[in-house]
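Down below is the structure, laid out as structure tokens.
Numbers here simply count residues along the sequence, with the first being 1.
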Amino acid sequence: MVLLHWCLLWLLFPLSSRTQKLPTRDEELFQMQIRDKAFFHDSSVIPDGAEISSYLFRDTPKRYFFVVEEDNTPLSVTVTPCDAPLEWKLSLQELPEDTSGEGSGDLEPLEQQKQQIINEEGTELFSYKGNDVEYFISSSSPSGLYQLDLLSTEKDTHFKVYATTTPESDQPYPELPYDPRVDVTSLGRTTVTLAWKPSPTASLLKQPIQYCVVINKEHNFKSLCAVEAKLSADDAFMMAPKPGLDFSPFDFAHFGFPSDNSGKERSFQAKPSPKLGRHVYSRPKVDIQKICIGNKNIFTVSDLKPDTQYYFDVFVVNVNSNMSTAYVGTFARTKEEAKQKTVELKDGKVTDVFVKRKGAKFLRFAPVSSHQKVTFFIHSCLDAVQIQVRRDGKLLLSQNVEGIQQFQLRGKPKAKYLIRLKGNKKGASMLKILATTRPTKQSFPSLPEDTRIKAFDKLRTCSSATVAWLGTQERNKFCIYKKEVDDNYNEDQKRREQNQCLGPDIRKKSEKVLCKYFHSQNLQKAVTTETIKGLQPGKSYLLDVYVIGHGGHSVKYQSKVVKTRKFC
């Protein structure tokens, strides 16, 4: 056993300028060694009972050593690839005899022992190639120097290694239940509910755990290490390891520094010597999300896109050791967006349309007879809406509409028109639309450019208010209504009252002031005034003017709040 320690120390001598103690499972030394992280980063020794993280350059093998001090010792070695498949091999190194040929009991020269170990291939115990979390386990292993060789042929990559001689008592990786599958219990257009059986690590071993759910559109992940590698990948390059921390000094050869060890001494397969310098890998941004949810084993993923395939993985993490185990992931496609129902427009009939915030509605107009022109009347009740009109698939019109607007398009025999109405970001939209091939009389009244009501402050009294509004050259009927409101009448209430499509038929009879007909061929003189009487002193009133067209459809001007004088 003394020889075993001397051989390993000589193997590691070029890797450190200071004296290092060999990691053992002696508990007094073990805790000190685990705390001394620099010891393991600067060496190729795998500590007993602790996980190490390291870095592999593409086509550059890396070798680690692990000591088993006594025969018939349990041994477990776990290798976790992060973001690339690995080739790895575990071997038992044949050591030279403890005594020299003369039987003197003296050790052979140390340099000779070192060379003998390096030259020996050893007995292969296990090998694997792939990106699964794979392990070697033996209930009874001989004492000796175990050698782990790793290689990445695809790209530079991170990986993790865990080795222990006490696998039964350590149990650093959380256990999976007898059924380790993740199930989809509910599926919607933008949500997916997942469920899985709890880990025995929490229920039986009473160890603290948490579950982490990972969502992405590419593939399932086999380790949390692979997820974190994706999340931490920079847009422009793979993060290079820090010298002395993530890789051994012999890797400096690839940055133009000399190396004491040749590539052949470290390679377990014949590989051409890598060229000096490293490629910089360009990576697109990865659409991946990791959510740790505590110890719940049911979770609903929200804000997904409709009709999109997603991959879902669940990892159980030991909170104490920060080591994790992957459940068997699943995938699902969210449901399609509900197909928009197309509303059929009838020639000359007004149709009411409601459009959700940022939503859209589709309407179809198919005239039954030949026609030369088609006229569309649009009355947007609240905020502006966007209208698009296509004739047999060809876009004819696309613009925003506020208030009342009229569009006249050239017709075509047997043509069909598809109208798309899109709401805005502020809120839901309400509108009235009429399509006709015979626009003899307008169903909607004509409106002036300015639909505000003007109040004259100097004509205001304790019991009356005088207002004015603009008209048009077309003779229309105007009705004015009043309603008492609180002094703190705010913009939100005003917005609710501002629906221009709500007609006078919803108003109380007591709120009606009067109705009158009015027009002027001279637009400069198309102004009318009215004095509303019978008001109370110091009170606020909401005034509304409705203009009613030939077809009976009305449009409301912008509401106006006036306040009577308190003292006269």
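- Side-chain atoms of Asn220 come within 3.5 Å of backbone N or O of Thr330 as a donor-acceptor pair.
- Residues Asn297 and Trp196 approach most closely at ND2-O, 2.7 Å, considering heavy atoms.
- Between the side chains of Gln408 and Thr375, at least one donor N or O lies within less than 3.5 Å of an accepting N or O.
- Just one residue in the list Ile419, Leu434, Val401 forms a side-chain contact (heavy atoms from CB on, under 4.5 Å) with Ile378, and that residue is Val401.
- When every heavy atom of Val184 is checked against every heavy atom of Ala332, the shortest pair comes out as CG2-CB, 4.1 Å.
- Between Lys222 and Thr80, the side chains place no donor N or O within less than 3.5 Å of an acceptor N or O (distance only, hydrogens not considered).
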(request) Step by step, work out the side chain to side chain contact (heavy atoms under 4.5 Å, CB included) result for Tyr417 and Val374. (result) CA-CA 10 Å; Tyr417 300 85; Val374 173; 3.5 Å; yes
(request) Might you work through the ring pair (Phe, Tyr, Trp, His ring centres under 6.0 Å) test for Phe376 and Phe407, ending with a clear yes or no? (result) CA-CA 5 Å; Phe376 292 94; Phe407 305 101; 8.0 Å; no
(request) Output, in order, the C-alpha distance, side-chain angles, deciding distance and verdict of side chain to side chain donor-acceptor pair (under 3.5 Å) for Asp347 and Thr437. (result) CA-CA 7 Å; Asp347 199 333; Thr437 57; 2.8 Å; yes
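- In this structure, Lys483 does not pair ionically with Glu511, as no charged nitrogen and carboxylate oxygen lie closer than 4.0 Å.
- Considering only heavy atoms from C-beta on, Tyr546 stays 4.5 Å or farther from Val555 through its side chain.
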(message) Set out, in order, the CA-CA distance, both residues' side-chain angles and the distance that settles salt bridge (charged side-chain N to carboxylate O under 4.0 Å, His left out) for Asp307 and Arg333, then state yes or no.
(response) CA-CA 6 Å; Asp307 194 27; Arg333 178 174 288 275; 3.5 Å; yes
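- Checked by atom type, the side-chain pair Ser302/Thr191 shows no donor-acceptor distance below 3.5 Å.
- Applying the salt bridge (charged side-chain N to carboxylate O under 4.0 Å, His left out) rule to Arg452 yields the partners Asp450; only residues at least two apart in sequence or on another chain are considered.
- The ring pair (Phe, Tyr, Trp, His ring centres under 6.0 Å) analysis of residues 509-544, with sequence neighbours excluded, yields the pairs Phe478-Phe518.
- Looking at Arg507 and Asp544, a side-chain N of the basic residue comes within less than 4.0 Å of a carboxylate O on the acidic one, giving a salt bridge.
- Smallest separation of non-hydrogen atoms from Pro180 and Tyr327: O-CD2, 3.2 Å.
- No donor-acceptor pair closer than 3.5 Å links the side chain of Arg391 to the backbone N or O of Leu418.
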